[in-house]
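Because only heavy atoms are used, hydrogens play no part in the values below, and waters and symmetry mates are left out as well, while side chains stay in. Bear in mind the structure is a predicted one, so any value in this text is a computation, not a measurement.
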Amino acid sequence: MIDRIFKPKGSRIWRWRIRLRPEDVRIEDISLGTSDKQVAEKRRTDLRREKEHERGGLLHPKPIRESALRHMAQHLAEFLSDMRRRGKSEKYLSNLEFRVSALVVACGWTLPTDVTADSFQRWGVEHKDLAAKTQNDYLEAARCLFNWMVKHGRVVSNPLVTLEKVSMVGRETRERRAFTDEEMGRLLGAAGEHKTVYMMAVYTGLRRSEIASLKWSDLTLEGATAFVQVRASTTKNGKSAAMRLHPDLLAALVELKSRSAGDSESVFPRMPRIERFKLDLKRAGVAYKDGQGRYADFHALRKTFGTNLQRAGVASRVAMKAMRHSDRRLTDKIYTDENMLDTWSAIGGLSSFTGQASLIASQNLGAASQNVSSAVTTSSGPEVVKTLVNIGDCHGLAQLDASGQNAGNGGSGGARTRNLCRDRAAL
């Protein structure tokens, strides 16, 4: 163990060099901040006791104790600064700042020690009118801050880690539907100057904010394959993405580009607001809310894109990549309108395992041909079917033969057909 105070050569301030246990790798060298030896001894004693209490679990480490005395607003500002340094988008950081700041005020979180699971639950009860997703977003923002504080040694643990998110089953505030092909055609016909905006949404699945952030430099309209390169700073997941342009969309963009000022300009400087979108729907004769309570808002264009991928037979993994989702279930369940999937044709195209389909078809064919030939005998073997025609005095023999056919041929499944003329000659 090392435990001594000393004055470095040329210095008037006492210092403390310490290593309490042999397994401690680092030897600490701490300034005692005084030139008086008795004061230095007293401070060493206090610091030694503090370190022993920390080791025994009676005290938190000094960085945590210091952080506990700092206002939550300071921790939030430093957290946002670190997230910005790591390249997080401004929209993401703006949402985090807004939600955590609102919780700090509403829940009375002045210091980190004020943050408890109970205080957040009380906030949730007071704001139960908020959508389940909104409440979960607030919880996730606060958790994100405290996970960062735990990682940087500012708190011992996350006080909100035990809270469960609000279940969203049956609490969706807005269920969207996909546009049919006919509805989409009418909407584009009534959209006027915003037609290309709607085409961009329904042919690429880009979100409204991502479309609004597009610049002409993000588009490649010439070459073998035209595409749009969505910048990482504008996407929800913070990743860049390249989307191929549909020929119809490409033609509309080429026409629009001829009126644009330059590559640095926004592709869509005037994005339609919800009021304008509703007006375009009304002109197109498309209901904003259908009889099932489902909405056809701007984001429903993204759902239409996902649904059309499924209708086109695109593999689920490829559709997930095109939608830029991290979970395939999100693509299949949320962004696919099952009412537009052609399940009738799918079931009709299934294979027959029992042969009933061909049996029914042959029965229908036989019923339709009964009036053509009624005197036909068949055998269960490979022999060719023969048609018997009753003429003249063979008519009676034909009846006799029919009555005795089972006896002579071993039943209806006999392997041979009797020669009536030969039998007549024998008689």
Shortest non-hydrogen contact from [X] toward [Y]:
X	Y	result
Ala178	Thr307	CB-OG1, 3.7 Å
Ser213	Thr234	CB-CG2, 3.5 Å
Ser89	Ser233	CB-O, 3.8 Å
Lys91	Ser209	NZ-OG, 3.4 Å
Ala319	Val314	N-CG1, 3.8 Å
Ser157	Val150	C-CG2, 3.6 Å

Going from [atom1] on [X] to [atom2] on [Y], what distance comes out if it is rounded to the nearest 0.5 angstrom?
X	Y	atom1	atom2	result
Thr196	Met200	OG1	CE	8.5 Å
Leu301	Arg207	CG	CZ	13.5 Å
Asn95	Tyr138	CG	OH	9.5 Å
Phe79	His152	CZ	NE2	10.0 Å
Ile13	Thr34	CD1	OG1	6.5 Å
Glu175	Asp290	CD	CG	8.5 Å

Salt bridge present between [X] and [Y] (N-O < 4.0 angstrom):
X	Y	value
Glu255	Lys195	no
Arg276	Asp280	yes
Glu41	Lys37	no
Arg311	Asp181	yes
Asp337	Lys303	no
Asp218	Lys215	no
Glu78	Arg70	yes
Glu210	Arg302	no
Glu140	Lys165	yes
Glu90	Arg84	yes

Any side-chain to backbone donor/acceptor pair from [X] onto [Y]? Under 3.5 Å, distance only.
X	Y	result
Arg317	Arg328	no
Thr336	Thr331	yes
Ser101	Phe98	no
Arg324	Lys236	no
Arg186	Gly285	yes
Ser119	Val115	no
Ser81	Ala77	no
Arg99	Ala141	no
Trp14	Ser35	yes

Check the side chains of [Y] and [X] for a donor-acceptor pair under 3.5 angstrom, ignoring hydrogens and angles.
X	Y	value
Thr116	Asp118	no
His75	Arg154	yes
Asp332	Ser316	yes

Next item on the list: For atom CD of Glu28, decide whether the heavy atoms of other residues, nucleotides or ligands shown that lie under 6.0 angstrom number more than 12.
Entry: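 Yes - once you tally the heavy atoms of other residues, nucleotides and ligands closer than 6.0 Å, there are more than 12.
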
Notebook entry, point to check: Crowded around Glu222 CD? As in, over 12 foreign heavy atoms under 6.0 Å?
Noted result: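 No.
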
Item checked: Distance flag, aromatic centroids of Phe305 and Tyr203, threshold under 6.0 Å ->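 Between Tyr203 and Phe305, the centre distance exceeds or equals 6.0 Å.
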
Margin query: Under 6.0 Å between ring centres: does that hold for Tyr335 and His325?
Written below: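 When the ring centroids of Tyr335 and His325 are compared, they turn out to be within the sub-6.0 Å range.
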
Would you say the side chain of [Y] lies within less than 4.5 Å of the side chain of [X], judging by non-hydrogen atoms?
X	Y	answer
Leu245	Leu221	yes
Arg294	Asn339	yes
Val104	Leu76	no

Next item on the list: I would like to know whether Lys133 and Asp137 meet side chain to side chain contact (heavy atoms under 4.5 Å, CB included); could you show each step before the answer?
Entry: CA-CA 6 Å; Lys133 182 181 182 305; Asp137 288 341; 3.1 Å; yes

Checklist line | Qualifying residue, where the test is ring-ring contact (aromatic ring centres under 6.0 Å, His included) with Phe277 and the options are Tyr198, Tyr295, Tyr288 | finding: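 With Phe277 as partner, ring-ring contact (aromatic ring centres under 6.0 Å, His included) holds for just one option, Tyr198.
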
Margin query: Could you go through Lys257 and Asp263, starting from their C-alpha distance and side-chain angles, then the distance that decides it, and tell me whether this counts as salt bridge (Lys or Arg N to Asp or Glu O under 4.0 Å)?
Written below: CA-CA 9 Å; Lys257 178 67 165 59; Asp263 290 346; 3.8 Å; yes

Margin query: Pair Asp29, Phe6 - check side chain to side chain contact (heavy atoms under 4.5 Å, CB included), show working.
Written below: CA-CA 10 Å; Asp29 191 343; Phe6 68 99; 3.9 Å; yes

Next item on the list: Might you work through the side chain to side chain contact (heavy atoms under 4.5 Å, CB included) test for Leu256 and Phe268, ending with a clear yes or no?
Entry: CA-CA 10 Å; Leu256 186 64; Phe268 306 108; 3.9 Å; yes

Check: Does the side chain to side chain contact (heavy atoms under 4.5 Å, CB included) test come out yes or no for Val267 and Leu253, once each step is laid out?
Finding: CA-CA 9 Å; Val267 179; Leu253 288 170; 4.3 Å; yes

